[in-house]
There are 2 protein chains.
Amino acid sequence: MKKTAIDQLGFLIHDTGRLLRRHFEKRGQEYGLSSAQWRLLVRVVREQNPTQARLAELMEIEPISVSRLIDRMEQGGWVRRCAHETDRRVNRVVPTDKSLSAYSAIKAVAADVYEEAMAGVDEDMRAALISALTLMVGNLSSDETATTPPNVEQQAAS
Amino acid sequence: MKKTAIDQLGFLIHDTGRLLRRHFEKRGQEYGLSSAQWRLLVRVVREQNPTQARLAELMEIEPISVSRLIDRMEQGGWVRRCAHETDRRVNRVVPTDKSLSAYSAIKAVAADVYEEAMAGVDEDMRAALISALTLMVGNLSSDETATTPPNVEQQAAS
DNA sequence: CTTGTTTAATAAGCATGCTTATAATATATG
DNA sequence: CATATATTATAAGCATGCTTATTAAACAAG
């Protein structure tokens, strides 16, 4: 039945994520950017010099994780911490020239990895995949409180 | 177009995995099992006392990661390392009574988290999701070497 | 102005993954 | 038997996430 497949959903998503990360890092390692660093850089470029707190919010990770990611990225010459104009508590995170010039190349690598991963997955299935994942992120983000909304068929242990 | 959605695939899968893990750990923390420990325990029970090397192979993580996971699980009373009958290099990993009695309860928690995540995702979409992820895992596991032969379906190594 | 609260960033320490290296044991070969 | 190679587990050290606690600055209220 499908039930057995659902049991493996967590494993599947975990594995897919791990494999994507692994491939991206292998392909992107000539640039010296890890996948976490790449995710952060995308936000920095898109948001135009966000603060660390803003990055934590966008990436849904803790501020301390951002802080340490940026430690390493600053060391690697990818971003700089710049003082905020008015608020002396705040750092703006600014991409370096190195980041800006590598950006499109690395973006192409990412797109390439995605296409490699999606070989043999037709358009309909891609659309369904993305819709399903988007729904799931919504379900899991929103109801930090609720437990079991509308039509759940929860299965006990099998 | 769809291209923009594909760009976000990595982010989506990453987020979904992170959120699933977070929910599972919140719900399962009364048992004191993390999600990595849970994944390992499932293998241990299914495989009937596998060796650490076998676990590393099954979970596709490094032997050293297994070793340290088991360090903590042994401390937590979830598994024991038992000497192999003939090969003195080898440890068999054996679930404790505590594991066996908690197993179905935790399995139910996992199933519950999956259902919560999948609320509003209909049967067709679930099937497509699982098929797509399975294909992706295949693509990313098999071709550790190739780069992007157009629409590949090579299943070289397993 | 002083006191208290909130916010931004960091520190300390843990879990889980990784890579690279080592120790102990098994096995294969001269 | 002795030596070379495999395999199993572990060690050391790093990256990235977490929780909890701290520091510095901003802001609000008396």
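Naming convention: chains lettered A, B, ... in sequence-line order (proteins, then strands); numbering from 1 in each chain.
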5' priority, DNA chain C, between B:E25 and A:V66 [closest heavy atom]: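 Upstream on the strand: A:V66.
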
Both A:V90 and A:I64 contact DNA chain C. Which one's nearest nucleotide lies toward the 5' end?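 Upstream on the strand: A:V90.
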
When all nucleic acid strands are considered with a 4.0 Å heavy-atom cut-off, which category describes [X]: base, sugar-phosphate, or nothing?
X	result
A:I61	sugar-phosphate
B:R81	sugar-phosphate
B:S35	nothing
B:R72	base
A:E62	base
A:R39	sugar-phosphate
A:S34	sugar-phosphate

Quick one: which of [options] gets closest to the side chain of [X]?
X	options	result
A:P63	C:dT10, D:dG17, D:dT10	C:dT10
A:A36	C:dG17, C:dC18, D:dG17	D:dG17
A:A53	C:dT10, C:dT16, C:dA8	C:dA8

Does any N or O donor sit under 3.5 Å from an N or O acceptor when you compare the side chain of B:R88 with the base of C:dT25? no

Short side-chain N/O contact from [X] to OP1 or OP2 of [N], under 4.0 Å:
X	N	answer
B:R18	D:dT16	no
A:R68	C:dT10	no
A:S65	D:dT16	no
B:Q37	C:dA15	no
B:Q52	D:dT10	yes

Which whole-number value in Å describes the distance from [X] [atom1] to [N] [atom2]?
X	N	atom1	atom2	answer
B:H84	D:dA9	NE2	P	9 Å
A:M73	D:dA15	CE	C1'	13 Å
A:L33	D:dA15	CG	C1'	13 Å
B:L40	C:dT16	CG	P	10 Å
A:K26	C:dT19	NZ	P	10 Å
B:L69	C:dT16	CG	P	5 Å
A:N91	C:dA9	CG	P	6 Å
A:E57	C:dA8	CD	P	9 Å

In Watson-Crick or G-U wobble terms, both distances under 3.5 Å, what is the partner of D:dA9? C:dT22

How about A:Y31 and A:W78: are their ring centres within less than 6.0 Å of each other?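 So the answer is no for these two rings.
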
To the closest 0.5 Å, what do you measure between [atom1] ([X]) and [atom2] ([Y])?
X	Y	atom1	atom2	answer
A:H14	B:M59	NE2	CE	7.5 Å
B:L40	B:L55	CG	CG	5.0 Å
B:T16	A:L140	OG1	CG	7.5 Å

Any donor-acceptor pair under 3.5 Å linking the side-chain atoms of A:R81 with those of A:Q52? yes

Syn or anti for D:dA6 (syn when the glycosidic angle lies within 90° of 0):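 Here D:dA6 takes the syn form, which means its glycosidic angle is within 90° of 0.
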
Between the main-chain N or O of A:A119 and the side-chain N or O of B:N139, is there a donor-acceptor pair closer than 3.5 Å? yes

Residues that A:F11 engages under ring pair (Phe, Tyr, Trp, His ring centres under 6.0 Å), provided they are two or more places apart: none

Does B:T51 or A:M59 map to a spot on DNA chain D nearer the 5' end, using the closest nucleotide for each?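 Final value for this comparison: B:T51.
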
